[in-house]
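Nothing fancy with the numbering, it's 1 onward along the sequence. As a basis for the values below, the full set of heavy atoms in this structure was taken, side chains included, without hydrogen atoms, waters or symmetry mates.
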Amino acid sequence: VQLQASGGGLVQPGGSLRLSCAASGFTSDYAIGWFRQAPGKAREGVSCITSSDDQSYYGDSVKGRFTISRDSAKNTVHLQMTSVNPEDTAVYYCAADEEYVCSKYGARFWRYSGSWGRGTLVTVSS
């Protein structure tokens, strides 16, 4: 499995940004998720989504502001970030594994997933 995250950049507080994770190498139903790591802080689960039925899960800190979606034709998962604040500044990584890992662990999916991609930096600043 290969994952490639993109879309990071500088965004003003209150603004929006969309991250993408292009995935390849799957042979069955899978889930893709996002986690992040801010400078000097522990990793934090953000979201995950299943491929068979688009079930999605979110961490409490992003619920209602971030939306995860899947483009099945392109094997790409997007993370639409809205109403961002400086606490959202972090390197964002995508992770992948079997669907049950996402269904069982929700936003903590990343801790138990077997594949991680390289991160993309999001900076929220005015």
Side-chain angles (χ1 to χ4, degrees):
V1 174
Q2 292 188 330
L3 304 168
Q4 181 64 54
S6 62
L10 176 64
V11 57
Q12 292 187 341
S16 299
L17 195 68
R18 189 176 83 158
L19 306 183
S20 298
C21 177
S24 62
F26 296 104
T27 58
S28 62
D29 290 335
Y30 60 92
I32 291 180
W34 292 91
F35 67 99
R36 64 187 182 184
Q37 187 165 25
K41 294 188 177 181
R43 296 185 183 108
E44 178 189 15
V46 174
S47 182
C48 69
I49 187 168
T50 60
S51 68
S52 65
D53 57 3
D54 287 341
Q55 286 294 311
S56 58
Y57 304 84
Y58 297 92
D60 289 341
S61 63
V62 306
K63 201 171 294 183
R65 299 188 299 122
F66 291 9
T67 302
I68 193 169
S69 62
R70 194 174 61 86
D71 182 341
S72 59
K74 297 181 180 180
N75 277 343
T76 299
V77 167
H78 302 291
L79 184 70
Q80 180 68 47
M81 307 167 60
T82 63
S83 302
V84 298
N85 57 64
E87 288 70 40
D88 294 319
T89 295
V91 177
Y92 285 72
Y93 301 86
C94 52
D97 210 299
E98 296 180 53
E99 284 196 323
Y100 83 91
V101 181
C102 175
S103 299
K104 182 175 182 178
Y105 297 108
R108 295 181 296 132
F109 164 81
W110 66 273
R111 290 189 178 185
Y112 307 94
S113 62
S115 300
W116 293 4
R118 297 179 67 178
T120 185
L121 175 63
V122 173
T123 302
V124 182
S125 175
S126 56

Calculate, to the nearest 0.5 Å, the distance between atoms CZ and OG1 belonging to Arg18 and Thr67 respectively.
12.0 Å
Taking the side chain as everything from C-beta on, heavy atoms only, tell me whether Leu79 gets closer than 4.5 Å to Val46.
yes
Could you report the tightest heavy-atom contact between Val1 and Ser115, atom names first, then the distance?
CB-OG, 3.6 Å
Over all atoms of both residues, closest heavy-atom pair of Ser51 and Glu99:
N-OE2, 2.9 Å
Enumerate the ring pair (Phe, Tyr, Trp, His ring centres under 6.0 Å) contacts for residues 52-76, please, sequence neighbours excluded, ordered by first and then second residue.
none
Closest heavy-atom pair and its distance - Asp97, Phe109
N-CZ, 3.4 Å
Partner set under side-chain contact (heavy atoms from CB on, under 4.5 Å) for Glu98, not counting sequence neighbours:
Tyr100
I'd like to know whether Val122 forms a side chain to side chain contact (heavy atoms under 4.5 Å, CB included) with Thr89, so could you lay out the CA-CA distance, the side-chain angles of the two residues, the decisive distance to 0.1 Å, and finally the verdict.
CA-CA 5 Å; Val122 173; Thr89 295; 5.9 Å; no
Do Thr50 and Asp29 make a side-chain contact, defined as non-hydrogen atoms from C-beta onward lying under 4.5 Å apart?
no
Parallel, tilted or perpendicular: ring planes of Tyr105 versus Tyr112, cut at 30 and 60 degrees
parallel
For Asp71, what residues pass the salt bridge (charged side-chain N to carboxylate O under 4.0 Å, His left out) criterion, not counting sequence neighbours?
none
We want to know whether Ser103 and Gln55 form a side-chain donor-acceptor pair, criterion being a heavy-atom distance below 3.5 angstrom.
no
Taking the side chain as every heavy atom from C-beta outward, state whether Thr76 and Ser20 have any pair of such atoms under 4.5 Å apart.
yes
Count the heavy atoms belonging to other residues, nucleotides or ligands that lie under 6.0 Å from NZ of Lys104, then report whether that count exceeds 12.
no
Out of curiosity, Ser72 OG to Asp54 CG, how far, rounded to the nearest 0.5 Å?
8.0 Å
Can you classify the ring geometry of Trp110 versus Phe35 as parallel (below 30°), tilted (30 to 60°) or perpendicular (above 60°)?
parallel
When you group the ILVMFWY residues by side-chain heavy-atom contacts below 4.5 Å and let the links chain together, are Trp116 and Tyr30 in the same group?
no
To check you understand the geometry: which heavy-atom pair defines the closest contact between Asp88 and Val84, and what is its length?
OD2-CA, 3.3 Å
Would you check if the side chain of Arg65 reaches a backbone N or O of Ser83 as a donor-acceptor pair within less than 3.5 Å?
yes
Give the minimum heavy-atom separation between Val101 and Ser113, together with the two atoms involved.
CG1-N, 4.5 Å
Measure the shortest side-chain to side-chain distance between Ser16 and Thr82 over non-hydrogen atoms and say whether it is less than 4.5 angstrom.
yes
Between the side chains of Ser61 and Glu44, does any donor sit under 3.5 Å from an acceptor?
yes
CD1 of Ile32 to CG of Leu3: how many Å apart, nearest 0.5 Å?
6.0 Å
Check the surroundings of atom CD in Gln2: do more than 12 heavy atoms from other residues, nucleotides or ligands lie under 6.0 Å from it?
no
Cys48 and Gly106: which non-hydrogen atoms are nearest, and at how many Å?
SG-O, 3.3 Å
May I ask you to decide if Tyr93's main-chain N or O and Arg36's side chain share a donor-acceptor pair within less than 3.5 Å?
no
In terms of hydrophobic clusters joined by side-chain contacts under 4.5 Å, are Val91 and Leu19 together?
no
Just so I know, are the side chains of Ile68 and Val77 near enough to count as touching, which here means a heavy-atom distance under 4.5 Å?
yes
